[in-house]
Undergrad: 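The structure under discussion is supplied below as structure tokens; questions concerning it will follow.
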Amino acid sequence: MLKLKNIQTFYGNIQVLKDINMEVKQGEIITLIGANGAGKSTILMTISGIVPPRKGDILFQGNPIQNINPDKIVALGISQVPEGRRIFPYLTVMENLDMGTFLRNDVFEIKKDMDYVFQLFPILSERRNQPGGTLSGGEQQMLAISRAIMARPKLLLLDEPSLGLAPIITTQIFNIIKKINRENNTTIFLVEQNASLALKVADRGYVMETGEIIMTDTGDNLFNNKDVKKAYLGI
Amino acid sequence: MTIKNQIKKSFLVSLWFMFLTFPILVIQVNTVENVIKWRWLNMIGVGIGSFFLSILWRYMLEKRPEKGKQTKKYQLFFLNNILHEKKIFFPVIILLSLFVLCFPYIFSMYQTNIMISALIYVMMGLGLNIVIGLAGLLDLGYVAFFAVGAYSYALLNYHYGLIFWIALPLGGILALIFGVILGYPVLRLRGDYLAIVTLGFGEIIRLVLENWNDFSFGPSGISNIPKPCFLGIDLSLQGTTKYLFYIIVGMVALTIFVTNRLQNSRIGRAWIALKDDEIACQAMGINKGKTKLRAFGLGAMWAGMGGVIFAAKTTFINPASFTIWESVIILCTVVLGGMGSITGVVLGALLLILLPEYLRAFSEFRMIIFGAVLVLMMVFRPGGIIKNVRRIYKFDPILEKNSVKNEVNS
């Protein structure tokens, strides 16, 4: 579904991604783990076109997308939940969700999706007329995920959904990520710091270090790998 | 204890003021007779005056946080009531429109003329409100689009004899095109940088108009611009003024209608979202550049049409009417009225243009009063005279469920 071939991304003169090769298959949950500053978020930014790559190809369903504007990429079916939630604080919950459907015009389907989202996160339904800025951290994360689902993506990019959340809420959100994957057959690309949880959920995982992919395997194998355990799981 | 403290502080303030104003208000040197006159009475006056003003200031500051907490909900409720309760809203609108319709018949031509210029500013304020209040782009060269509108009517009329009614949309479209042309390279910048570049653009337009004699007749301007005629009939001077008044009232009503619709549309929400967070917007599939350009162009369009009406009203334009100060005044109407709030901007523009006209007696102090008002506003009403209250669509969860069920059934 998504293929990254020899991707190199720069911030100014600083090279962040050095020859990244990845593949995401339809219906999978893929996780990318790595230390701070490894370039995990940059990969997501590169895929969604906000920081375009200087070299290499990104193929989405066989078509190159590396030089397209971010809004066109969203229209193709790639939706991102940016790091640190980034909801719109002055818009209400409903309006935030509506921004997710910015490129859609099918009113009835949108309504159905909104009901689906409210069923996933009942708390959002209660808060639907409240400005997004007044929600708690966990609710904001739920809103950010819901907003991305509202675009009906084929591929959902999640950037650290557990950031700053209590363990219970993190587990809750991970369960819902699994549910979204199962029910809608949405492919999920998950970037996480919480390696143990992410690897348990994921079908396959990639391990990243200073701009390079150093290891890839199934989630369970990575979870049981000695080096990964030492470096990221602290066991 | 606190009251004692307050009085002590106020006393110190008054002492300080007495010291500060001592050289100007107390010592008076008479150079003819070489004597110095000591006006001690003034000093006492300043002392007492500043003492009470300081106490008043402290009292207001003390009161402010309580007020913010207790009456905020009530205020919101109250405003919403006025704006959305049909029982109050419609009679107010009807009365207001009746008053406006009768205005040129009740008041003199002088008053009507002042009102026309005030309404032109209302229109421009609403246009700038799209750019600043909704999209959050600080535009300090807004007057450039006003100039484009005014000159497009004057020049098109001079060369091709185009009448007002054709020039009005054309001026708007030309200003929109200029807005897009300027916006395309400039909107990559943000905040302060954008403000500086737009400021420069405003000056460029004015300087071009001033120096390109063959095109714009330079500083001598263009005179004898015809006023609009009513169905081909030339009206008397009074008639045209009234007619122009109704035209601008109509245009203001149109502006209010359109900006209100824009504000509650998807693109309006995209503007507000873009103001908050650009990366999140991009992740939602909003084209950053295009959305900003739309705001810029749509804002500029109203200034262009305002310019056409301005040219028709004054019948003479030259570059001196389009200085940076006009931009600043329009910006002030938006900030003073309340960014993003339509009623606020209308009120702000009317106050800011009408008050100086009626308070000509204080014209020397205009800038002092103006500054003082802005400072007071920043302290007591940082959101503007009428703060923007975003419309909230309430719906009943139970009702909603039923309607969904009905849809599924049907």
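Side-chain atoms are counted along with the backbone in the values below, which use heavy atoms only and exclude waters and symmetry mates. Just so it is clear, the structure is predicted and the values come from calculations on it, not from any experiment. Below, read A as the first sequence line, B as the second, and so on, with proteins coming before strands; counting in each chain starts at 1.
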Undergrad: Using a 6.0 Å cut-off, check whether atom OH of Tyr184(B) has over 12 heavy atoms from anything other than its own residue.
TA: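 No.
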Undergrad: Which of residues 287-301 of chain B have a heavy atom under 4.5 Å from any heavy atom of chain A?
TA: Asn287(B)
Undergrad: Any chance you could lay out the side chain to side chain contact (heavy atoms under 4.5 Å, CB included) test for Met99(A) and Ile286(B), step after step, and finish with the verdict?
TA: CA-CA 9 Å; Met99(A) 294 312 298; Ile286(B) 296 167; 3.2 Å; yes
Undergrad: At a heavy-atom separation under 4.5 Å, does Pro82(A) approach chain B through its side chain, its backbone, both, or neither?
TA: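 Contact with chain B involves the side chain of Pro82(A) alone.
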Undergrad: Taking all non-hydrogen atoms of both residues into account, name the closest pair between Gly285(B) and Phe102(A) and its distance.
TA: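 So the two residues come closest at O-CD2, 4.0 Å.
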Undergrad: For the residue pair Phe88(A) and Ile272(B), establish whether any side-chain heavy-atom pair is separated by less than 4.5 Å.
TA: no
Undergrad: Check whether Met45(A) gets within reach of chain B through its side chain, its backbone, both or neither, counting any heavy atom under 4.5 Å.
TA: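 It is the side chain, since no backbone atom gets that close.
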Undergrad: Sort by residue number and list every member of residues 51-68 of chain A having a non-hydrogen atom under 4.5 Å from chain B.
TA: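 Within residues 51-68 of chain A, near chain B: nothing under 4.5 Å.
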Undergrad: Is Arg269(B) reaching over with its side chain to a backbone N or O of Glu95(A), donor-acceptor style, under 3.5 angstrom?
TA: no
Undergrad: Does a sphere of radius 6.0 Å around CE in Met339(B) hold more than 12 heavy atoms from other residues, nucleotides or ligands, not counting ones at 6.0 Å or beyond?
TA: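 Check fails, neighbour count at 12 or below.
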Undergrad: Going by the rule salt bridge (charged side-chain N to carboxylate O under 4.0 Å, His left out), which residues pair with Arg182(A) if we only count those two or more places apart in sequence or in a different chain?
TA: none
Undergrad: Has Ile14(A) got more than 12 heavy atoms of other residues, nucleotides or ligands less than 6.0 Å from its CD1?
TA: no
Undergrad: Could you work out, with salt bridge (charged side-chain N to carboxylate O under 4.0 Å, His left out) as the rule, every residue matching Lys40(A), not counting sequence neighbours?
TA: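 Scan of Lys40(A) (salt bridge (charged side-chain N to carboxylate O under 4.0 Å, His left out), adjacent residues dropped) gives none.
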Undergrad: Taking every non-hydrogen pair under 4.5 Å, which of Pro153(A), Gly49(A), Pro70(A) racks up the most with chain B?
TA: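 Maximum pair count with chain B is reached by Pro70(A).
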Undergrad: Measuring from Asp276(B):CG to Leu91(A):CG, what's the distance to the nearest 0.5 Å?
TA: 6.5 Å
Undergrad: So for Arg147(A), is it side chain, backbone, both, or neither that comes closer than 4.5 Å to the heavy atoms of chain B?
TA: both
Undergrad: Among Asp98(A), Ile78(A), Leu103(A), single out the residue with the greatest number of heavy-atom pairs under 4.5 Å to chain B.
TA: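 Max contact count across the listed options: Asp98(A).
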Undergrad: Would you say the side chain of Asp71(A) lies within less than 4.5 Å of the side chain of Gln282(B), judging by non-hydrogen atoms?
TA: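 Side-chain contact under 4.5 Å: no.
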Undergrad: Does atom CZ of Phe178(B) have more than 12 heavy-atom neighbours from other groups under 6.0 Å away?
TA: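 No, because the 6.0 Å sphere around CZ of Phe178(B) holds 12 heavy atoms or fewer from other groups.
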